[in-house]
J.: 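Would you mind keeping the following structure in view while I ask a few things?
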Protein chains: 4
Amino acid sequence: MPPATAAAPATTRPRTKPAVVRREELMDAAQALFLDKGFDATSVDEIVAQAGVAKGTFYFHFKTKDDVLRALRERFVVKFHERLESAVAACAPDDWSGRLEAWMEAAVDGYLDQFALHDLVFHEFRPSSRRMQHDNPITRHLATLIADGAQNGAWTAPYPRLMAAMLFGGFHGAVDEEIVAPSKTTRQRLTAEVLRFCRMALGLACS
Amino acid sequence: MPPATAAAPATTRPRTKPAVVRREELMDAAQALFLDKGFDATSVDEIVAQAGVAKGTFYFHFKTKDDVLRALRERFVVKFHERLESAVAACAPDDWSGRLEAWMEAAVDGYLDQFALHDLVFHEFRPSSRRMQHDNPITRHLATLIADGAQNGAWTAPYPRLMAAMLFGGFHGAVDEEIVAPSKTTRQRLTAEVLRFCRMALGLACS
Amino acid sequence: MPPATAAAPATTRPRTKPAVVRREELMDAAQALFLDKGFDATSVDEIVAQAGVAKGTFYFHFKTKDDVLRALRERFVVKFHERLESAVAACAPDDWSGRLEAWMEAAVDGYLDQFALHDLVFHEFRPSSRRMQHDNPITRHLATLIADGAQNGAWTAPYPRLMAAMLFGGFHGAVDEEIVAPSKTTRQRLTAEVLRFCRMALGLACS
Amino acid sequence: MPPATAAAPATTRPRTKPAVVRREELMDAAQALFLDKGFDATSVDEIVAQAGVAKGTFYFHFKTKDDVLRALRERFVVKFHERLESAVAACAPDDWSGRLEAWMEAAVDGYLDQFALHDLVFHEFRPSSRRMQHDNPITRHLATLIADGAQNGAWTAPYPRLMAAMLFGGFHGAVDEEIVAPSKTTRQRLTAEVLRFCRMALGLACS
DNA sequence: TATGAATGAGTGTTCATTCAT
DNA sequence: AATGAATGAACACTCATTCAT
């Protein structure tokens with residue numbers, strides 16, 4: 001006689017999953033397709049096909065197609081930010097130079113690893129990416145780091161927010177340049193240059 | 001035989017204008033609408049309505065809708081570049097510091113004056129704006145300036161192209177910051193900060 | 001053996017209400033929304049939100065969305081009919097003129113008070129409202145009144161059913177006119193005109 | 001050698017017709033389908049298939065699907081009105097009784113002939129048919145007729161607009177009744193009853 | 001009684017582009 | 001150079017309804 005539990009189909013994969021899970025699955029499907037063919041070129045039909053659900057399910061979990069992109073962006077920013085935070089947290093609280101170095105190194109690495117996703121969530125996203133660049137945890141993090149360092153005499157930065165914007169722009173420009181026209185330069189060398197650039201701009205060295 | 005002029009009514013206001021004029025009119029109409037409602041949200045129908053011509057006329061002058069945007073972008077880049085060139089040309093050929101200063105000043109002014117148009121032609125334009133940033137006359141101009149200055153001992157820049165990218169990124173970041181969160185700072189003060197930033201990064205000052 | 005009442009927590013506010021109550025609540029929610037935005041423009045989602053229940057609950061109490069509308073219509077007709085009946089019942093059984101007058105007066109009042117709801121349940125309801133007008137308690141009531149009065153020599157009406165239809169149409173037209181183009185006329189005056197119209201049509205007066 | 005004209009395909013049915021013609025064709029197709037399956041149940045796809053054009057062509061000539069219905073309604077009203085006008089115009093200008101009779105007769109005939117179309121354009125049309133009933137040429141025509149007759153002493157009607165509304169309602173009710181429950185009565189007999197009803201209401205007879 | 005995740009058929013509408021004149 | 005009627009592929013989104021708990 002089979003055990004009582006065998007009477008009920010053991011393999012009943014529940015068709016309805018916790019909302020959070022389904023949502024995540026849809027986001028993954030969308031992200032893969034967006035990266036592959038671009039946001040506009042991807043239809044909701046394709047997303048649901050990839051996720052293995054019906055169309056209505058998509059609209060049960062997201063308001064619109066844009067809504068997924070927003071969710072994707074938020075997820076990206078949070079993860080990227082965590083990466084930076086833990087890198088910085090590994091340094092001594094008063095080693096400002098080290099903290100800045102850690103931030104930049106993690107940022108270069110992260111950006112280089114994810115630039116396709118970065119472009120997706122920042123470029124394809126309407127309301128101008130400018131505003132978005134301004135108030136997101138990542139840039140705020142850098143601004144705080146600059147400000148704190150300045151306050152503790154680690155460097156000079158009369159306008160920390162502005163300095164942060166310029167350093168962020170510089171880092172961004174460097175990595176973009178590398179992506180478009182990959183030099184023989186190693187990633188390490190690139191990071192070193194970015195760091196040197198930052199230190200110079202902050203008046204930490206005068207070579 | 002009747003006189004030739006009698007055949008055609010003398011008062012015929014030529015319905016057909018020189019191609020270049022019509023083209024320019026269509027570009028102006030498109031630019032105005034694109035700036036107002038965005039590229040995607042603007043239909044060719046609206047463009048021709050604004051320009052006062054029939055639909056077919058549009059496609060007589062432009063291959064596709066994207067084609068106008070490309071034309072708009074080219075026009076923008078050329079004009080912006082001219083602005084920079086003449087600013088720089090006003091300086092002594094060997095006054096490298098002055099030339100850089102002139103470039104940056106003109107760039108800040110120009111960007112601040114035209115950022116909406118800048119965003120339109122660079123942001124809405126597919127093939128990633130990254131590639132575009134890389135090879136356009138403006139950034140090439142800066143790179144050349146950096147390289148020449150370095151070659152003449154005006155400053156140090158082991159990787160001029162990279163330095164140019166970082167300085168351009170820095171300038172871009174500063175102006176973007178100012179656009180999003182306008183400080184009490186005057187435009188002059190902003191320019192000064194950008195310049196200080198550049199000089200520091202190039203090792204020209206150590207304050 | 002523990003007391004029976006101890007088994008169930010005494011304070012359990014019953015999550016489940018008597019079916020009739022829930023049903024009524026859902027009907028009220030639906031009616032409010034239908035009146036506000038129209039039948040088609042109202043989704044079942046909105047109805048359940050308004051009623052504070054889950055989607056499934058709606059389909060537990062009603063077969064389809066149309067089903068609520070039908071229920072609403074029945075409720076309306078019953079209430080309206082009651083209004084007429086009691087008004088007529090207040091007259092002497094053989095005061096035919098008075099009974100007709102009472103019917104019309106109550107009808108004008110009732111219609112004027114509820115025309116929005118009337119339109120909802122009669123207009124938005126498929127199977128042509130024509131058929132519905134034909135066999136509902138209200139028009140049947142009037143037809144009977146006409147027929148009985150004729151039979152008792154109160155007035156002449158060779159085709160009572162037809163006469164009823166025409167008088168009903170006349171009354172309807174008058175009130176509709178008043179709704180669309182409200183005159184300075186009081187409701188009383190309107191009722192008087194409708195009555196005069198009916199009496200004339202029935203040959204009760206020759207002014 | 002074939003005649004010159006044969007060189008050009010003689011059968012070249014011009015693919016592009018005058019806008020008015022195409023528009024009319026689309027309206028005819030739509031009307032046929034709407035009458036057959038109802039407005040909602042008819043898709044634009046079906047309309048264009050029936051009309052033998054592409055979908056875009058539909059939207060070149062009409063703003064929306066509702067727009068055709070509106071056009072259909074306007075066409076119906078105009079034609080119906082013409083019918084009434086010419087019937088009335090055939091009577092002597094001062095034969096008020098005859099003119100009213102002509103109007104009613106033509107209305108009954110017209111309505112009976114077209115009630116399906118009537119229902120379509122008046123019932124399926126949003127913004128409440130009430131308002132529509134109020135200001136359309138047909139009811140205005142009747143109101144004018146009543147008013148003019150009253151002014152010339154042909155009958156009494158202290159509130160012509162209201163009387164017109166009631167007579168129109170009465171006529172409408174009679175015909176609707178006949179449609180729903182066709183009696184053995186001939187159309188002629190029905191018309192006679194409606195007329196008698198009108199004359200009574202106007203105080204023209206006291207039988 | 002009640003829940004709420006899942007379904008999926010259904011459709012109006014947009015719009016870049018073409019082409020005969 | 002210019003017209004404007006015609007095309008037709010493409011898609012996001014809605015929503016009534018079901019059903020396993």
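Source: prediction; values computed, not measured. Within every chain, numbering begins at 1; the chains are lettered A, B, ... in the order of the sequence lines, protein sequences first and strands thereafter.
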J.: Among F/dA6, E/dG4, F/dA10, which is the nearest nucleotide to the side chain of D/Lys55?
T.: F/dA10
J.: Name the closest nucleotide to the D/Tyr59 side chain, picking from E/dA2, E/dT14, F/dT17.
T.: E/dT14
J.: Listed by chain and number, what are the salt bridge (charged side-chain N to carboxylate O under 4.0 Å, His left out) partners of D/Asp66, not counting sequence neighbours?
T.: none
J.: If you pin C/Pro18 and B/Gly56 to their nearest nucleotides in DNA chain E, which one's is more 5'?
T.: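 The residue whose closest nucleotide sits nearer the 5' end is C/Pro18.
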J.: Which of these passes side-chain contact (heavy atoms from CB on, under 4.5 Å) with B/Gln31: B/Leu117, B/Leu69, B/Val121?
T.: B/Leu117
J.: Closest to the C/Thr16 side chain: E/dT1, F/dT7, E/dG10?
T.: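 When the side chain of C/Thr16 is considered, E/dT1 is the closest of E/dT1, F/dT7, E/dG10.
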J.: Check every atom of E/dA16, F/dA1, E/dT7 against the side chain of B/Ala19 and return the nucleotide holding the closest atom.
T.: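 Among the listed nucleotides, the one closest to the side chain of B/Ala19 is F/dA1.
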J.: Using the side chain to side chain donor-acceptor pair (under 3.5 Å) rule, collect all pairs that involve residues 51-63 of chain A, keeping only residues at least two apart or in two chains.
T.: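 Qualifying pairs, neighbours excluded: A/Asp45-A/Lys55.
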J.: Only Watson-Crick and G-U wobble pairs, only distances under 3.5 Å, only runs of 3 or more: what stems does that leave for DNA chain E?
T.: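 Detected stem regions: E:2-21 with F:2-21.
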J.: If you check the C/Thr57 side chain, which of F/dT3, E/dT3, F/dA6 turns out closest?
T.: E/dT3
J.: Can you classify the ring geometry of C/His123 versus D/His123 as parallel (below 30°), tilted (30 to 60°) or perpendicular (above 60°)?
T.: parallel
J.: Looking only at the side chain of C/Arg22 (C-beta and beyond, no hydrogens), which of the listed nucleotides E/dG8, E/dG4, E/dA2 gets closest?
T.: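 In terms of side-chain proximity for C/Arg22, the closest of E/dG8, E/dG4, E/dA2 is E/dA2.
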J.: Across the strands shown, which category fits B/Ser43 at heavy-atom distances under 4.0 angstrom: base, sugar-phosphate, nothing?
T.: sugar-phosphate
J.: Out of E/dA2, F/dA6, F/dT17, which nucleotide sits closest to the side chain of C/Val44?
T.: F/dT17
